[in-house]
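Okay, so here's the structure we're looking at.
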Amino acid sequence: MASSKGWFNLETAGGAIPEAQFFEGDSAFKALGLTRTQRLYGFVGCYGIGFVLSVLGTVMLFIGSLTTFAILYGLGTVVSLIGTGFLIGFAKQLKLMFKPVRVIATIVFLASIVLIFVGAFVLDSGILCIIFVIIEYLAFLWYTLSYIPYARTAVLKVFGIA
């Protein structure tokens, strides 16, 4: 019988969790003393907080507060990105982000976060902020597709580019 820790207990799942797929950075987390379950909670928590911050930021953009938008939206994006570090380890995540197959998408993604701040604080332009958010989402999508075999090729074929 399963442990009484609840229905979402990864420790009692045994071999059901693919060790190599999501939890490769064990050495980084053993020093912190985090279990797989705690790491998954860290991931979900960061993604949830990041999502809420981004949504609140977006609401602030449409209200007209560009500075609040940039702070909340940028912070939400960074917190969500940190969340994925809980799955595979932060050092491994950085290595994977800058592999040749996804380095351009990573740079565009990170630059667009910076450009959102520039659009809000320096240029004071809501339109540019929206454009930079769209660029950020497209770069993140392209980055994410690099983890799925042949996904980029399929997307390019759908749009008649490949």
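Model, not experiment: these values are computed from the prediction. Excluded from the calculations below are hydrogen atoms, water molecules and symmetry mates; all remaining heavy atoms, backbone and side chain alike, are included.
Between G119 and C129, the shortest heavy-atom distance links the atoms C-SG, 3.7 Å.
Note: L145 CG to L156 CG = 9.0 Å, rounded to the nearest 0.5 Å. Residue I116 holds its CD1 atom at 11.5 Å from CD1 of I131, rounded to the nearest 0.5 Å. In this structure, the separation between OG1 on T153 and CD1 on I161 is 11.5 Å, given to the nearest 0.5 Å. In this structure, the separation between NZ on K92 and OG1 on T84 is 13.0 Å, given to the nearest 0.5 Å. Here CD1 of I49 is found 11.5 Å from OG of S54. Values are rounded to the nearest 0.5 Å. Expressed to the nearest 0.5 Å, how far OG1 of T77 lies from CD1 of I82 amounts to 11.0 Å.
In this structure the side chain of R102 never reaches within 4.5 angstrom of the side chain of T144, judged on heavy atoms. Proximity of Y73 to L61: side-chain heavy atoms (C-beta onward) are nowhere separated by under 4.5 Å. A 4.5 Å side-chain heavy-atom check between F86 and C46 finds at least one atom pair inside the cut-off. Residues L81 and F109 form a side-chain contact, since some pair of their non-hydrogen atoms from C-beta on lies under 4.5 Å apart. The closest side-chain heavy-atom distance from F90 to L94 is not below 4.5 Å.
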- prompt: Under the side chain to side chain contact (heavy atoms under 4.5 Å, CB included) criterion, do V103 and I107 qualify, and how do the steps go?
  reply: CA-CA 6 Å; V103 69; I107 291 170; 3.9 Å; yes

field: Derivation and outcome, ring pair (Phe, Tyr, Trp, His ring centres under 6.0 Å), residues F51 and Y47
entry: CA-CA 6 Å; F51 177 77; Y47 252 67; 9.4 Å; no

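The cluster map of Ile, Leu, Val, Met, Phe, Trp and Tyr, joined by side-chain heavy atoms under 4.5 Å apart, puts V44 and V52 in the same cluster. Linking ILVMFWY residues whenever their side-chain heavy atoms come closer than 4.5 Å, directly or via other members, places L138 and I113 in the same cluster. Both I134 and I104 are assigned to one and the same hydrophobic cluster, defined by single-linkage of ILVMFWY side chains at heavy-atom distances under 4.5 Å. Clustering ILVMFWY residues whenever any of their side-chain heavy atoms sit less than 4.5 angstrom apart, transitively, puts L128 in the very cluster that holds Y137. Linking ILVMFWY residues whenever their side-chain heavy atoms come closer than 4.5 Å, directly or via other members, places V78 and F121 in the same cluster.
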Which pairs of donor and acceptor atoms, one on a side chain in residues 62-72, lie under 3.5 Å apart (sequence neighbours left out)?
residue : atom : partner : partner atom : Å
S65     : OG   : T68     : OG1          : 2.8

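Judged as a ring pair (Phe, Tyr, Trp, His ring centres under 6.0 Å), and not counting sequence neighbours, the contacts of Y147 are Y143.
More than 12 heavy atoms of other residues, nucleotides or ligands shown are found within 6.0 angstrom of CD1 on I148.
For Q93 (side chain) and G85 (main-chain N/O), a donor-acceptor pair under 3.5 Å exists by modelled atom type. Within the 3.5 Å criterion, the main-chain N or O of W142 finds a donor-acceptor partner in the side chain of R152.
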